[in-house]
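Sharing a structure with you now.
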Amino acid sequence: MGMVRNALRSLLAEPRAPDPPRRVWRDWVLVVGLLTAVVLEGVLREDVVWRPVALVLAVATVCALLWRRTHPLAVVAAVFGALIVVNLVTLISGDATFGLYSMICVVLLPYSLVRWGSGREILIGLAFILVALVLGIISDFTGYGEAAAGSMFLLFPATVGAAVRYWWSARLRELDQVRLREREQLARELHDTVAHHVSAIVIRAQAGRAVAATRPEAAVDALAIIEAEGTRTLAEMRTMVGVLRDDGTAALAPQPGVADLERLARSVGDRPRVEVEVSGDLDDLGPAVGAAIYRIAQESITNAVRHARQATRIDVRLTSYDDSVRLTVRDDGEATSAPRNSLGYGLVGMTERATLLGGTFAAGPDSGRGWSVDVVLPRTAVGR
């Protein structure tokens with residue numbers, strides 16, 4: 001009994017599924033097709049009882065499908081509430097049941113209710129569905145076997161909706177974990193960068209103090225360097241506040257950067273061959289940007305080695321511009337439209353890293369062969 005109470009309490013606390021898709025072209029095609037079937041059936045079918053009422057009810061049900069995701073409870077309550085009224089009238093009057101075969105589209109509503117509704121909406125909506133189901137069976141009882149089959153047919157979409165909702169919620173949690181890990185890694189790198197800046201500030205301050213009496217101009221130069229380092233350190237510390245990881249410790253180790261791309265290429269081996277081309281001035285590249293370029297290149301090369309079928313070459317090009325730097329990684333493997341690393345979430349991590357630094361990230365199949373990754377980052381980005 002306690003388990004049932006806990007499950008019920010958990011269901012009542014369940015919020016609505018996020019970002020339900022609004023009407024798309026498939027919805028309009030579905031509605032137009034169903035309305036055509038309703039009109040044809042209403043006009044051509046001879047055994048329809050209460051034809052005007054049946055037509056109005058069927059048309060209203062089909063049109064209500066357009067709101068089944070964004071307002072699942074309202075649509076279920078309206079449609080199945082109308083069916084409850086119809087079944088009650090049928091039971092009281094003793095007339096034959098009426099309805100069009102096109103009303104079979106109501107099976108979409110239990111799925112939408114469980115997939116997109118909140119826990120409270122699901123319970124209320126299922127109550128409407130069950131009452132309409134029981135009254136429908138009573139008003140048109142043709143045997144226990146058909147009653148059981150009809151009940152399963154109506155409620156099975158709700159089970160599918162629950163399974164899809166659970167799977168999608170688990171995927172969203174995994175994506176959040178990937179983004180969190182990427183933020184933690186970036187926070188570690190920024191922590192190290194800030195520590196090096198502070199060390200440089202301390203050294204310059206000590207040097208300036210030592211020569212202040214004999215060489216005032218050297219002390220002034222040291223103050224200028226301290227000012228620049230301090231400004232950059234404050235900017236990087238603001239970034240750390242935004243992407244700070246859970247714990248407060250970090251190993252003070254130098255982070256890999258642009259200078260390590262050649263070593264990264266050599267670590268892959270001869271098959272496929274990795275060619276690195278660097279152009280432009282990269283001396284004043286921000287430390288966080290350099291580390292991001294290395295990490296994204298590393299992930300892109302790893303993806304190409306693992307997933308690019310029959311690839312013989314991977315080209316890594318890094319180009320520096322006045323205010324930005326661009327990294328492009330391409331391979332010559334077999335063309336494919338399927339996203340790479342969809343299970344490992346590597347693309348999610350690379351996108352998160354580029355976004356945090358104020359840049360852009362794009363990945364996809366080339367027009368001919370292979371796959372390409374294209375990243376543009378500000379030269380001195382320190383994050384958002």
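Just so you know, residue 1 is the first one in the sequence shown, and it goes up from there.
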Any side-chain heavy-atom pair from Thr360 and Leu377 closer than 4.5 angstrom? no
Taking side chain as C-beta onward, heavy atoms only, is Trp28 less than 4.5 Å from Leu66? yes
Transitively linked via ILVMFWY side-chain contacts under 4.5 Å: Val32 with Leu35? no
Of the non-hydrogen atoms in Ala354 and Phe361, which two are nearest, and what is the gap between them? CB-CB, 3.9 Å
A side-chain contact here means heavy atoms from C-beta on lying under 4.5 Å apart; do Asp315 and Val276 qualify? no
Please lay out, stage by stage, how Trp371 and Arg330 fare under the test side-chain contact (heavy atoms from CB on, under 4.5 Å). CA-CA 6 Å; Trp371 183 278; Arg330 288 189 173 91; over 6 Å; no
For the side chain of Glu275 and the backbone of Val316, is there at least one donor-acceptor N/O pair under 3.5 Å apart? no
Grab the two heavy atoms, one from Gly117 and one from Ile122, that are nearest each other, plus how far apart they are. O-CD1, 3.9 Å
Same apolar cluster (I L V M F W Y, side chains within < 4.5 Å links), Val76/Leu108: yes
For a quick check under 3.5 Å, do Thr328 and Asp374 share a side-chain donor-acceptor pair by atom type? yes
Rounded to the nearest 0.5 Å, what's the gap from OG on Ser279 to CG on Leu318? Could you check? 7.0 Å
Can Ile138 and Asn87 be said to form a side-chain contact (heavy atoms from CB on, under 4.5 Å), step by step? CA-CA 9 Å; Ile138 295 174; Asn87 289 327; over 6 Å; no
Interatomic distance, Ile301 atom CD1 to Leu261 atom CG [nearest 0.5 angstrom]: 7.5 Å
Measure from the side-chain N and O atoms of Gln298 to the backbone N and O of Arg295, and report whether any donor-acceptor pair falls under 3.5 Å. no
Output the distance between atom OG (Ser151) and atom CZ (Phe156), rounded to the nearest 0.5 Å. 14.5 Å
Are Val160 and Val107 grouped together when hydrophobic residues (ILVMFWY) are joined by side-chain heavy atoms under 4.5 angstrom apart? no
More than 12 heavy atoms of other residues, nucleotides or ligands under 6.0 Å from CZ of Arg16: is that the case? yes
Minimum-distance pair of heavy atoms, taken over all atoms of Arg379 and Val289: O-CG2, 3.6 Å
Is there a side-chain contact (heavy atoms from CB on, under 4.5 Å) between Tyr166 and Val164? Walk through the geometry before answering. CA-CA 5 Å; Tyr166 176 82; Val164 173; over 6 Å; no
Can you give me the closest heavy-atom contact between Ser102 and Glu41, atom names plus distance? OG-OE1, 2.8 Å
If you measure from CE on Met103 to OG1 on Thr61, what distance do you get to the nearest 0.5 Å? 3.5 Å
Distance from Leu113 atom CG to His71 atom NE2, nearest 0.5 Å? 14.0 Å
When rounded to the nearest 0.5 angstrom, what distance separates CG in Asp331 from OG1 in Thr312? 9.0 Å
Checking side-chain contact (heavy atoms from CB on, under 4.5 Å) for the pair Val106/Val79: CA distance, chi angles, key distance, verdict? CA-CA 8 Å; Val106 297; Val79 172; 3.9 Å; yes
Honestly curious: do Val376 and Val325 fall in one hydrophobic cluster under the side-chain, below-4.5 Å linking rule? no
Minimum heavy-atom distance between Gly42 and Leu55, given as atom pair plus value: CA-CD2, 3.7 Å
Check the hydrophobic clustering (I, L, V, M, F, W, Y; side-chain heavy atoms under 4.5 Å; chains of links allowed) and say if Phe153 and Tyr111 are grouped together. no
Which atoms form the tightest heavy-atom contact between Val38 and Ala58, and what is the distance? CG1-CB, 3.8 Å
Quick one, Val373 and Val375 - any side-chain contact, counting heavy atoms below 4.5 Å? yes
Less than 4.5 Å apart, side chain to side chain, heavy atoms only: is that true for Leu154 and Pro110? yes
Salt-bridge present (Arg68, Asp27; N to O < 4.0 Å): yes
Crowded around Arg165 CZ? As in, over 12 foreign heavy atoms under 6.0 Å? yes
